[in-house]
There are 2 protein chains.
Amino acid sequence: MTEQQRRPTLMDVARAAGVSRALVSIVMRGAPGASEPTRQKVMEAARELGYRPDSRARLLRSSRTKLLGLSFSSSQPFHTEIVDAAYAEAAARGYEIALSAVANGRPEERAIEALLDFGSEALILISPTLSNQDLARYAGQVPLVSLLRNDVGESVDSVSSDDHAGIRIAVDHLTALGHRRIVHVDGGTAVSADQRRAAFHTEMLRHGLEPVTVPGGPTEEDGLRAGQSLIGDMPSAIIAFNDRAALGVMESLRATGLQVPTDVSVLGYDDSQFARLSYVQLSSISQDAPLLAAAAVDRAVERIETPQPPAHLVRTPHLVLRRTTGHPAPQMQP
Amino acid sequence: MTEQQRRPTLMDVARAAGVSRALVSIVMRGAPGASEPTRQKVMEAARELGYRPDSRARLLRSSRTKLLGLSFSSSQPFHTEIVDAAYAEAAARGYEIALSAVANGRPEERAIEALLDFGSEALILISPTLSNQDLARYAGQVPLVSLLRNDVGESVDSVSSDDHAGIRIAVDHLTALGHRRIVHVDGGTAVSADQRRAAFHTEMLRHGLEPVTVPGGPTEEDGLRAGQSLIGDMPSAIIAFNDRAALGVMESLRATGLQVPTDVSVLGYDDSQFARLSYVQLSSISQDAPLLAAAAVDRAVERIETPQPPAHLVRTPHLVLRRTTGHPAPQMQP
DNA sequence: GTTCGGATCTAGATCGTTCTAGTAACTCCA
DNA sequence: TGGAGTTACTAGAACGATCTAGATCCGAAC
């Protein structure tokens, strides 16, 4: 019960089936060159022995691993939604995914090295924080796809969402509702925070409005603090860096006795599972993460299978309208 | 820029340094048997060429992979907290972790097979849902540690938290505060739900109180529905299956205009990041997930390094007191 | 009847390591 | 001086698969 017996090898299966190793190899990977009867016989023997090909040996010889390395951040619930979608797409393309988390005390580089050691043929990094130079170094070894970040240099593929367009949609939506005092709770040092901040600036000016930004961050606590800092000088609408920050903002409003969206409209970003909760119903800018993930996987597979230069794919996000945005309260407007 | 050049091998380094492959191997893995001068010379040559050992080949030969397979559910934020802790402990023990997610359309078995293909020397499964028979089958191939579930049969290790003790602590805490009408919002079909429901039954009876359970589940929506079902016949305290369900319950109370903890006390389970949010401050039963994760890794490593029978480690959870539990409202008590 | 060609199968080299066994040189000491 | 013991190094066989090149069989074509 407790003793672990040695894994059966090709040789064992070959002996059991009375054929050569090479033939078993042919059958196992479904290659042409074996008759139907022997194919059956070999399969049967393999099943009998509980044979599983040793991927190390297989990969050592063939240099094909059919493996995509995917790094994500364990502290970002949003990333795990992407992981789900990536698994599905990879499976459909006949690839397996090697996961590696960027966690506390485990920098991105460690995660990447682990993925390379597993034999990944391409890497997909969700919101990588490495410098372009470091990214380029890894891109010299395997095709590299940056997901959700696009300023990654020429040697790296990227699949991202158009942050500027997302913010424009947000600002357009709120101004169309009649809002004029709109504040952006920014993402601090998070990936994409700079782009969204800049886009907010541009878009507000385009509408002839004053672009007011308050420092925030990617978590509920960041949003909460930002919301509290607005008390006493409350705008009529708030665009948060992401959904989690939006939740924090809404909590601060609730504590002040302000109603959403009656008193203040709040708009999130990501359309994450939090936004979809029935009691939250957060209006949000959706990046269509599952679609992006699928695109990243497709891109990685294409780079592997037919040599080609890196490309930069940008998708336009869209507004998911729920219950946290509405017309501003009809109060003393000039 | 785009062309991937061949990785240098031991042979290349050996040629460059003017020594044999074997000697380079000795130097690279820091084994005894090389003089200091040559050691330097070889290291220099390796650095020069940018040599990285090919783990596939290395592991093929040595049959040691120093790899622990860890499966988790991508839809459980709580699991990712465990992943973090496991990474840290594994690194400290000199092991790497291979991650595999159980996701939508990707059953636990697929995740496990992937981990075995990577060459995991042991498996750690977080809240496995497979049958004991299936678990035993895998346990015949590699040491298997079940984390957070302990009814897994004799051939499988388990590291878990004492659910009965956790519920006892919860009930004791609330009764000590003076509550007599306590309801358990259960976990439905989730792992551990049965144990907690049974424990609640026993403990309430022990206190001479009526054990009332309402159907719930592991998510916010489940808690929300359960909370709504209580409207009109509200107890003075609620023990939720986990923190996420507790959040849902609190939301339903809030919608009804009930104050927590003034009108109703709410107690969560897991002490997850949600419980710790400054605006939630949920009192919760902590399973000390990082400690459990570390214990599971330790257990797996021990099983690998010195053959021994499976063991079942049970830790006692503890109460983390925050702001959602208090004395019951002083109303018409008999 | 020989040759050809396709299908089926096999032997042996190979991938990049580690491991075992052994050689060569040098020191130590009776 | 001549083993014994130590240290530094190397040759070649593993590990478990894939791949190349060739062997064998068998029916069809000339």
Side-chain angles (χ1 to χ4, degrees), chain A residues 4-46 49-67 96 116-121 141, chain B residues 4-43 45-46 49-67 96 116-121 141-142:
Chain A
Q4 328 286 348
Q5 65 265 25
R6 198 179 56 82
R7 260 170 89 140
T9 75
L10 265 196
M11 195 58 212
D12 299 320
V13 178
R15 247 193 302 262
V19 296
S20 70
R21 276 171 319 152
L23 188 55
V24 177
S25 171
I26 285 171
V27 172
M28 292 318 289
R29 67 202 137 97
S35 69
E36 196 47 42
T38 36
R39 209 173 274 274
Q40 295 295 342
K41 188 175 59 180
V42 169
M43 290 298 251
E44 174 61 23
L49 294 175
Y51 170 77
R52 316 193 67 222
D54 182 321
S55 61
R56 302 188 283 298
R58 156 178 289 178
L59 307 178
L60 171 58
R61 177 61 230 213
S62 70
S63 76
R64 286 302 316 271
T65 65
K66 290 274 194 172
L67 199 61
E96 181 58 62
L116 289 176
D117 279 345
F118 288 154
S120 305
E121 292 188 68
Q141 301 181 45
Chain B
Q4 329 286 351
Q5 66 264 25
R6 200 179 56 81
R7 262 167 86 139
T9 74
L10 266 195
M11 195 58 213
D12 298 320
V13 178
R15 248 193 302 263
V19 296
S20 70
R21 276 171 320 156
L23 188 55
V24 178
S25 171
I26 286 170
V27 171
M28 291 320 289
R29 66 200 137 94
S35 69
E36 197 45 43
T38 36
R39 209 172 273 274
Q40 295 294 342
K41 188 174 56 178
V42 169
M43 290 300 253
L49 292 175
Y51 169 79
R52 310 190 62 218
D54 181 322
S55 61
R56 302 187 280 299
R58 158 176 288 179
L59 305 177
L60 172 58
R61 177 60 231 214
S62 67
S63 78
R64 288 301 314 273
T65 63
K66 289 275 193 169
L67 200 60
E96 182 57 63
L116 289 176
D117 279 346
F118 288 153
S120 304
E121 294 188 68
Q141 301 181 46
V142 292

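First the proteins, then the strands, lettered A, B, ... as listed; each starts at 1.
- Note that the CE atom of B:Met28 and the CZ atom of B:Arg21 stand 15.0 Å from one another [nearest 0.5 Å].
- Counting all heavy atoms, side chain and backbone alike, A:Leu23 lies closest to A:Ala34 at CD1-CB, 3.8 Å.
- Here NZ of A:Lys41 is found 7.5 Å from OG of A:Ser35. Values are rounded to the nearest 0.5 Å.
- A donor-acceptor pair under 3.5 Å is absent between the side-chain atoms of A:Ser120 and the main chain of A:Leu67, judged by distance alone.
- In this structure, a donor-acceptor pair under 3.5 Å is present between the side chains of B:Ser25 and B:Arg29.
- Between the CE atom in A:Met11 and the OG atom in A:Ser20 there is a gap of 9.0 Å [rounded to 0.5 Å].
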Heavy atoms under 4.0 Å is the rule here; annotate nucleotides 11-21 of chain C 5' to 3' with B where the base is hit, S where only the sugar-phosphate is, and - elsewhere. BBBBBBBBB--

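- In this structure, CD1 in B:Ile26 is found 9.5 Å from OG1 in B:Thr38, a value given to the nearest 0.5 Å.
- Taken residue by residue, residues 37-46 of chain A places heavy atoms nearer than 4.0 Å to DNA chain C at A:Thr38.
- Side chain of B:Thr65 to backbone of B:Leu59: no donor-acceptor contact under 3.5 angstrom is found.
- With rounding to whole Å, B:Asp117 atom CG is found 13 Å from D:dA17 atom C1'.
- The pair B:Asp54-B:Arg7 fails the salt-bridge criterion, with no side-chain N (NZ, NE, NH1 or NH2) lying under 4.0 Å from an Asp/Glu carboxylate O.
- The CZ atom of B:Phe118 sits 11.5 Å away from atom OG of B:Ser55, with the distance rounded to the nearest 0.5 Å.
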Every protein N/O within reach of nucleotides 23-28 of chain C N/O, cut-off under 3.5 Å:
none

